Every structure is written in C-alpha cells, then in structure tokens.
Amino acid sequence: MKFQKLDLLTLLISLFLLSSCKNSSDIGLELGSTESIRGELLDTATILSATQLDDPASTYNMARYPLGELKDEIVGSTNAEVAMSVTAPGSGFTFGKNTQIDSAVLVLPYSSGANVERYYGDTTSVLNITVKQLNSDLTEQKTFLSNATYPASDVLANVNKAIKPNTRVKITNIVAGGPDTTFSANPQLRIKLSTAMIQDKILKLDSATLANDKRFKAAFKGLKVEATTTNAKGAVVFLDMATADGASMEIYFKKQNASTTTAIDTVVSKFPVTSSNSNYVLASIKHNYTDAVKENIASKTQTQTTYLQAGGLRTKISFPHVNQLKEKIGGTLIVSKAQLVIELSNPTDTIPFKAPLRLALYRYDLASQRQLLPDGNAGSSTNPTGDPRAIAGTFGGFYDKTKNTYTFEVTNYIQDLIDGKTVDYGTFLAATPFTEFNLFPYPTSVSRARLGSFHNTDNKRIRLNIYYIKSNP
C-alpha cells in the first residue's frame, strides 16, 4: 500500500454545519509538546443532537431504589416512590395469645459501597414520608415499569425525616430473657408505624395466614412509601433493598418469658421487605419537565442545548456525513483514533444537582434494539460475543471535573460507519451511575445534565475528533 507523504491527518466533525473553522487551536485531540499533526483540516460534516424522552424501564431487582422529590429549575420536578411486598417471618410463626404491640418500625437501609450513589440533591432537605398499605398484592403484578403506579389507601405513617445517608444510627438490640444491648448500625431510614394499624392489620390475622408467606401477602398486600419535600431544591435518597437481613418491618411486642411463668419479655419479629424472586420491590418515577425541556423535545430544528436525566431524558446524536468521507477526501481511510467529546452547557447550573459522574453511549440496530458500540463491547468470559477490537476499560464516558467534559473512545464505531459496515440507526447519550453502565434507563440514578450542542454560541459543544491515515485508491 502506498501512503501519501502527509500520512497523519486530522479530521474535525465540527460544530457548524458545512462551515469552516477559524481557530484550529480550539479543535482536535490534545497533544503533547513533542507531537505534531500535519495535514488539511476538514470540517464538512456535523453532529446533530436532540433531546428525547427515554423509555420506561423495569424496576424489578434493581441495585438500589430511589425515594424523594427534586425541584430542579433546569429540568423540572421528579418524584420517586417505592412499593414493596412484605414477607412473613417463617413457618410456624405466631404472636401468641393476647399480644399487644409496643411499636412497629419500617427499616430502609441507605445504599452503601465505594462510589455508590446514596442521595442526589440538597442534603439539608427534609422529606415528608408517608407509608400506606397497598391495595393489591405486588406479586400479582405482570409488568414492573418505572412509570407504573401502585394504588394504596390506609396510612400507616406520616413523618418528617432529615436526610442522613452517611450517619450511622444507634439501635437497641432486643435480647429475649436478658438485658437489651445497643449497637451502631449502618445508615438507614427508620419510620415508626402506627401501632393501632399494625395491631388491626397483622396481629388479627390467624396463625395459618401468618405462617404461610403466600397467604400473608394476599392478606396484607404490602407497603408503599411516598416522599415530598418543602425544601426549595429537594433530594432523592437511594435505598438498599437487596441485602439479606436489611430492609424489614420490625414489630416489637410483649411476650411471656419461656423460662418463667411470671416474667414478660419485649421481643421483636422481623418481616423482611428485601427484594427477591418471591418478594417484590418496585419503584415508581414521575417527571414534570420544565417548559424549556418540553420545547426542546418538541423542537424540529437544532437547539443550542440538549438535556439528560437518568431514567427520564436522553440525547440522540447522529453523524449525517461520516459515510461520505471517503468520497470527500478520496482514497481509503484508516481511522487511527476517534473521540467523542461532550461538554456541559453551563457547569454552574449543576448546584446542588451535580453533573452525572458517568454517561452511557449506545446505538440502535435495525430493529431499534439497544446495542453496545464496538469500542464498549470488550469480550470476556461473561461476554464471549464481544468485539475483538475493543479493549476493556478504555471506552470512557466518565466526568472530567476540570474540563467539565465527557470523552468516549469511538475509533471502531466511526471506522465501521465510514466503511458502511454499520448503519447509524440512532446513537444515544444517557446518564448512568458511576458504578455500572446501564444500557437501559433503570432509575438507579436520577442525575441530570444540560449539554451544549454542535452550534452552541457559548462554545460549549459536542464534537468528534478523528485522526486517520489515508491511502491512494
């Protein structure tokens, strides 16, 4: 193969439709002082971008569950509720005769772990939390989409709770037949329930119902937890509903001591509400977007900004002229490096709603099914059909706080588009949690961002930088 003398050229997929760049120092990939790129600068293609409503997603067996309310002047309001079925304590369980409840508490642990989201929004917010009894058994549900509603009626609790996702709590450990102890527990919401309602709805159930989980679920139905806030900004907290012996409804009651005929003990029985194949926990997310977002979604022309929100909004991007580059330049193009760079439109509008720590980038296939880009589809023992060209850990998409940008390595995807091996049926940006790349819009995060588009007049842009080698035909 015979290469031209200028073997390495730079191609900018510019931010201006068929317009020329006036300042070449503002474009392209960053280079070290010893590197030099020689060649012509071409800017004959564009990136188009548009805001779209994202699809509802399943909330069954999620990594964490959102609860709370956001009041965001940029994107709009978001309200997150959690519905949960309740599991009976176990075979043979009984409260005994003439039992009286001391108290009942719904325990909802916060999410934990390195870089795991525990909250989003203003940590000084106070949540007004309402716990209701569901009208129907969750295990009878057939779909679990994030826009579903779960009717509930009787109120078991209505309390105000400050958000303390990083503060451990002291818990009294009930010891049957001995003195109680205290211990420090992981951060959690503890919501006191109405003793009268629990007495009426649970203690009055017969022993056969209490001892059989299916019958118990049919009788008690389950709980729904709602939350609003009077704070100006609000917040959403994330709950760990999967850890064994974590989330539960604890019922404290008096019972005769087994070793004596006169002593009375206070004991506790735990009714688990952890997510499992037999115990459903589901989320319901409602959005009321601002007029600016609604107009952006409805717009038929290119706007200066687009919007993202995990579980709600995504940005569709397209490269309408990439497949014409061979004809434009002449000869065969070998892409040596391609990067998609996304800039925040205005980094200051993230307070207190922080920019997503990570974005997802995926594409549609012919059937409009979500697919990983080849650069983000590295093969492994759990992904034997991955793209052999992909290198694990290099795809990118993480937030650069210094530059207020996100960068994706898309070399193989752009090469496939140029060669016609892949058709751009739609390429999408979405917010995703730092700890996992979500191909689907699970509401395990509610973070949002406003992005600059290709012709943003404030110079906050989406751009595609391509380095290629050209050979003569």
Side-chain angles (χ1 to χ4, degrees), residues 13-17 45-57 74-76 146-147 287 289-290 292-324 338-345 355-356 358-377 395-397 405-410 413-414 416-418 422-432 437-443 445-456 460-466:
I13 305 300
S14 75
L15 309 177
F16 301 97
L17 181 61
T46 60
I47 296 178
L48 302 180
S49 58
T51 305
Q52 292 186 346
L53 291 173
D54 213 339
D55 301 322
I74 300 299
V75 172
S146 53
N147 61 350
H287 300 285
Y289 293 116
T290 61
V293 172
K294 292 176 182 177
E295 290 170 4
N296 197 290
I297 294 170
S299 178
K300 301 301 182 182
T301 60
Q302 183 68 50
T303 55
Q304 291 200 40
T305 58
T306 61
Y307 298 86
L308 302 176
Q309 186 179 31
L313 298 170
R314 64 182 179 181
T315 291
K316 180 181 179 180
I317 59 176
S318 57
F319 316 102
H321 306 303
V322 165
N323 59 359
Q324 301 173 16
Q339 288 184 322
L340 181 68
V341 182
I342 300 101
E343 296 184 72
L344 293 181
S345 174
R358 188 179 186 183
L359 298 186
L361 181 65
Y362 61 91
R363 67 179 182 88
Y364 270 179
D365 61 15
L366 177 62
S368 295
Q369 299 300 305
R370 299 175 188 227
Q371 303 292 337
L372 295 169
L373 267 63
D375 306 82
N377 190 23
F395 186 48
T405 61
Y406 304 84
T407 301
F408 290 93
E409 302 290 337
V410 291
Y413 184 48
I414 297 302
D416 289 349
L417 290 176
I418 291 173
T422 297
V423 176
D424 184 8
Y425 294 108
T427 307
F428 301 90
L429 287 165
T432 192
F437 182 102
N438 282 345
L439 194 62
F440 296 91
Y442 305 121
S445 173
V446 291
S447 59
R448 58 80 163 157
R450 181 165 55 171
L451 310 177
S453 65
F454 78 98
H455 76 326
N456 187 288
K460 303 298 182 182
R461 306 171 176 175
I462 297 178
R463 64 183 185 273
L464 179 65
N465 303 321
I466 301 176

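These values consider heavy atoms only, across backbone and side chains, with no hydrogens, waters or symmetry-generated copies. From a predicted model like this one, the values you see are computed outputs, not experimental measurements.
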Taking every non-hydrogen atom, the tightest pair across [X] and [Y]:
| X | Y | value |
| --- | --- | --- |
| R370 | P441 | NH1-CD, 3.5 Å |
| N465 | R463 | ND2-NE, 3.8 Å |
| A355 | L344 | CB-CD1, 3.9 Å |
| S49 | S453 | OG-CB, 3.3 Å |
| S447 | A431 | O-CB, 3.9 Å |

When you measure from the side chain of [X] to the backbone of [Y], do you find a donor-acceptor pair of N or O atoms at a distance under 3.5 Å?
| X | Y | value |
| --- | --- | --- |
| T305 | R450 | no |
| D424 | L417 | no |
| S318 | P320 | no |
| T432 | R358 | no |
| S345 | L451 | no |

In Å, rounded to the nearest 0.5 Å, how long is the span from [atom1] of [X] to [atom2] of [Y]?
| X | Y | atom1 | atom2 | answer |
| --- | --- | --- | --- | --- |
| L373 | E409 | CG | CD | 12.0 Å |
| L340 | T405 | CG | OG1 | 11.0 Å |
| F454 | Q302 | CZ | CD | 4.5 Å |
| K294 | T51 | NZ | OG1 | 14.5 Å |
| L372 | L361 | CG | CG | 10.0 Å |
| I462 | L48 | CD1 | CG | 10.0 Å |

Candidate pair I317 and T306, rule side chain to side chain contact (heavy atoms under 4.5 Å, CB included), full reasoning: CA-CA 10 Å; I317 59 176; T306 61; over 6 Å; no
Residues D54, R448; criterion salt bridge (Lys or Arg N to Asp or Glu O under 4.0 Å); working and verdict: CA-CA 13 Å; D54 213 339; R448 58 80 163 157; over 6 Å; no
Whether Y364 and F428 hold their rings parallel, tilted or perpendicular, with breakpoints at 30° and 60°: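 The rings of Y364 and F428 sit tilted, inter-plane angle from 30° to 60°.
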Ring geometry between H287 and Y289 (parallel below 30°, tilted from 30 to 60°, perpendicular above 60°): parallel
Lys/Arg-Asp/Glu bridge criterion (N-O < 4.0 Å) met for R363, D416: no
Test side-chain contact (heavy atoms from CB on, under 4.5 Å) applied to S299 and N296, T303, I297, the passing residue: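 With S299 as partner, side-chain contact (heavy atoms from CB on, under 4.5 Å) holds for just one option, T303.
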Verdict with supporting geometry, V75 and T290, side chain to side chain contact (heavy atoms under 4.5 Å, CB included): CA-CA 6 Å; V75 172; T290 61; 5.7 Å; no
Test side chain to side chain contact (heavy atoms under 4.5 Å, CB included) applied to L429 and Y406, step by step: CA-CA 11 Å; L429 287 165; Y406 304 84; over 6 Å; no
Sub-4.5 Å side-chain heavy-atom contact between R314 and Y362: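 Of all side-chain heavy-atom pairs linking Y362 with R314, at least one is under 4.5 Å.
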Candidates D375, T422, T427 - the one meeting side-chain hydrogen bond (donor to acceptor under 3.5 Å, both in side chains) with Y413: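 Of all the options given, the one that passes is T427.
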Partners passing side-chain hydrogen bond (donor to acceptor under 3.5 Å, both in side chains) against Y442 (at least two apart in sequence or in another chain): none
